[in-house]
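Excluded from the calculations below are hydrogen atoms, water molecules and symmetry mates; all remaining heavy atoms, backbone and side chain alike, are included.
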Amino acid sequence: MKKIEMKTPIVEMDGDEMTRIIWQSIKDELILPFVGLKTEYYDLGLKNRDRTNDEVTVQSAQAVKRLGVAVKCATITPNRQRVEEYGLKEMWKSPNATIRAELDGTVFRTPVIIPSIKPAVRNWKAPITVARHAYGDIYKAEEIKVEKAGKAELLFTDADGKQTRSTICDFDGAGVLQGQFNRESSIRSFARACFGYAVATKQDLWFSTKDTISKIYDQTFKFIFEEIYKTEYEETFKKLNLNYFYTLIDDAVARVIRSEGGFIWALKNYDGDVMSDMISTAFSSLAMMTSVLVSPDGKYEYEAAHGTVTRHYYRYLKGEKTSTNPVATIFAWSGALRKRGEIDGLTDLINFAGLLEKAVLDTINGGTATKDLIPLMDENVKPTAVYTDEFISEIKNKLETRLN
């Protein structure tokens, strides 16, 4: 068949370990035979980040600002063990955090729904998207280990030199301190991204914090969301018959479990980190969760929600075949291609992205799956566990059938 042509490149961010191996297989087997792929390539593998003093990560984020759409492979955020293993110059920051900061983006994570895999929560019928404010809070916090009795204070000095001071604790012995922050500009970007994504996907938006306890910090989030909804989005929501709903996070957790799904759940940084893993696991697996970073001005970066699958990579290096699940990475590619098609008006590219996703579902529902999915599948399905290359090969067969 004639390859589908692209007009504008997407930003391609390569990554690390087992996901890097799978990344190339997906391109070779599922995309390049069918699409005249145009990408602007950036190697975010840990060795290249170290070689470039992490400049390559910043360059890739700037490319997203310019081209509008990116697809990213999973990458390593190094700890001390990784510094020694790779002989790094320093313990480089999370590339995801760097890209989020450059784009001022919000992360939206959505589970891939497979008919042959039933959610652990039996009343869930549609996916729940977690919108995570991936900035500030404990991820940017400063910490102190208190060794003996003393007074801890919170001090702010404004640009004019005026000071505001508050006592945190009068320690009578050893303890710990943590100071965290957020920026109002970032909270506003978070709110606009959430409302905008809800409108684009025609889903209700829920937002939850703990403002009854955190009467300044969390309440600021609540008030900003209310303000932006009332002044910028309420009319559009009503026209589309959408609902915006705020409640405390503990109440929201109970409501989410009782719900049928099919909405966006907006959460602060840590809450979104934890709840997205809970949602993905309850639907099936973290390997079945897509992730898209959306900037307030409509730039998109697609990736899998999981890591680099280190354990499987070490086995791969020994020459062993692995049954690593590539679904979330495939959906990252399909999501980026679809968005590129939408922006550039390429119907064939949009349709191809949909057919690729359907081929993945056809494969799993037909009983061919990676080992992690076998215990989760419906008892009426007689599944066969296969290695990753066999799984991708079967998806290619299903895709060719649908394309023909």
Side-chain angles (χ1 to χ4, degrees), residues 12-31 41-54 56-57 60 71-99 109 112 273 276-277 280-281 284-291 302-333 360 363-364 368-377 383-396:
E12 178 184 353
M13 305 175 183
D14 211 343
D16 288 298
E17 298 188 320
M18 201 64 216
T19 44
R20 188 182 181 100
I21 306 302
I22 293 171
W23 188 263
Q24 191 62 48
S25 295
I26 292 169
K27 285 177 63 179
D28 290 343
E29 298 297 320
L30 301 179
I31 298 172
Y41 178 86
Y42 294 86
D43 184 359
L44 300 193
L46 187 52
K47 290 182 179 179
N48 194 49
R49 279 184 274 143
D50 189 63
R51 186 183 65 80
T52 63
N53 296 323
D54 211 29
V56 66
T57 306
S60 70
V71 59
K72 180 181 174 295
C73 183
T75 47
I76 295 170
T77 299
N79 55 17
R80 293 191 184 279
Q81 181 263 322
R82 295 293 200 167
V83 171
E84 295 175 5
E85 179 183 355
Y86 281 82
L88 304 179
K89 299 172 188 173
E90 62 179 83
M91 196 182 305
W92 301 106
K93 295 179 180 179
S94 160
N96 285 349
T98 298
I99 295 166
R109 291 183 170 175
V112 176
D273 194 2
S276 65
D277 280 11
S280 65
T281 304
S284 60
S285 163
L286 191 59
M288 303 287 286
M289 193 166 210
T290 64
S291 181
Y302 294 82
E303 62 181 316
H306 59 73
T308 58
V309 201
T310 305
R311 182 171 54 88
H312 285 194
Y313 181 62
Y314 291 154
R315 288 171 54 190
Y316 169 83
L317 292 178
K318 294 177 182 178
E320 299 177 20
K321 297 183 74 174
T322 67
S323 185
T324 314
N325 189 332
V327 170
T329 305
I330 295 172
F331 271 66
W333 272 103
V360 174
T363 300
I364 297 173
T368 302
T370 48
K371 289 182 180 179
D372 61 310
L373 297 181
I374 300 298
L376 306 175
M377 297 185 74
T384 301
V386 295
Y387 294 117
T388 306
D389 55 352
E390 297 170 322
F391 184 62
I392 290 175
S393 179
E394 183 59 22
I395 293 171
K396 184 178 182 181

Problem - Test item: Thr388 side-chain N/O and Thr322 main-chain N/O as donor-acceptor pair under 3.5 Å - result: yes

Exercise for the section: May I ask you to decide if Gly15's main-chain N or O and Thr75's side chain share a donor-acceptor pair within less than 3.5 Å? Expected result: no

Exercise for the section: Applying side chain to side chain contact (heavy atoms under 4.5 Å, CB included), run through Glu12 and Lys27 and close with a yes or a no. Expected result: CA-CA 11 Å; Glu12 178 184 353; Lys27 285 177 63 179; 2.9 Å; yes

Handout entry: Side chain proximity check, Ile99 to Leu44, heavy atoms < 4.5 angstrom
Key = yes

Handout entry: Any side-chain heavy-atom pair of Thr290 and Tyr302 under 4.5 Å
Key = no

Problem - His306 and Asn325, any side-chain heavy atoms less than 4.5 Å apart - result: no

Handout entry: Glu85 CD to Arg80 CZ distance, which is reported to the nearest 0.5 Å
Key = 15.5 Å

Exercise for the section: Compare all side-chain heavy atoms of Thr77 with those of Pro95 and state whether any distance is below 4.5 angstrom. Expected result: yes

Completion exercise
Here the gap from Arg20 atom CZ to Tyr313 atom OH, rounded to the nearest 0.5 Å, amounts to 8.5 Å

Problem - Side chain proximity check, Thr370 to Pro326, heavy atoms < 4.5 angstrom - result: yes

Exercise for the section: Quick one: pull up NZ in Lys396 and OG1 in Thr363 and give me the separation to the nearest 0.5 Å. Expected result: 13.0 Å

Fill in the blank from the handout: Exactly one candidate in Leu30, Thr368, Ile364, Val327 meets side-chain contact (heavy atoms from CB on, under 4.5 Å) with Ile395; the answer is Leu30

Problem - Side-chain (Ser393) to main-chain (Asp389) donor-acceptor, under 3.5 angstrom - result: no

Problem - Point-to-point distance, once rounded to the nearest 0.5 Å, from CD of Glu29 to CD1 of Ile330 - result: 11.0 Å

Exercise for the section: Consider only side-chain N and O atoms of Asn96 and Ser94, and report whether a donor and an acceptor are under 3.5 Å apart. Expected result: no

Fill in the blank from the handout: Arg49 meets the salt bridge (charged side-chain N to carboxylate O under 4.0 Å, His left out) criterion, sequence neighbours left out, with Asp16

Handout entry: Pairwise side-chain contact, Pro383 with Leu373, heavy-atom cut-off 4.5 Å (strictly under)
Key = no

Exercise for the section: Measure the shortest side-chain to side-chain distance between Asp50 and Tyr86 over non-hydrogen atoms and say whether it is less than 4.5 angstrom. Expected result: no

Exercise for the section: Could you point out which residue of Arg315, Lys47, Arg82 forms a salt bridge (charged side-chain N to carboxylate O under 4.0 Å, His left out) with Glu17? Expected result: Arg82

Exercise for the section: Mark yes when over 12 heavy atoms from residues, nucleotides or ligands other than Lys371 sit less than 6.0 Å from its NZ; otherwise mark no. Expected result: no

Problem - Sequence-distant partners of His312, side chain to side chain donor-acceptor pair (under 3.5 Å), two or more places apart - result: Thr324

Exercise for the section: Locate the shortest heavy-atom distance separating Ala74 from Gly307; write the atom from each residue and the value. Expected result: CB-O, 3.4 Å

Handout entry: Separation of Trp23 CH2 from Lys72 NZ (nearest 0.5 Å)
Key = 8.5 Å

Practice task
Mind listing the closest non-hydrogen atom pair of Thr281 and Asp277 along with its distance?
Solution key: OG1-O, 2.8 Å

Exercise for the section: Return yes when atom OH of Tyr316 has more than 12 non-hydrogen atoms of other residues, nucleotides or ligands closer than 6.0 Å, and no otherwise. Expected result: no

Fill in the blank from the handout: Looking only at heavy atoms, the pair that brings Ala304 and Ala328 closest together is CB-CB, 3.5 Å

Exercise for the section: Give a yes or no on whether a salt bridge exists between Lys93 and Asp54, defined as a side-chain N under 4.0 angstrom from a carboxylate O. Expected result: no

Exercise for the section: First locate atom OG1 of Thr308, then atom CE of Met18, and finally report the distance between them rounded to the nearest 0.5 Å. Expected result: 11.0 Å

Practice task
Verify, without hydrogens or angle tests, whether Asn48 (side chain) and Asp43 (backbone) share a donor-acceptor contact under 3.5 angstrom.
Solution key: yes

Practice task
With the side chain counted from C-beta on, respond yes when Asn53 and Trp92 share a heavy-atom pair under 4.5 Å apart, and no when they do not.
Solution key: yes

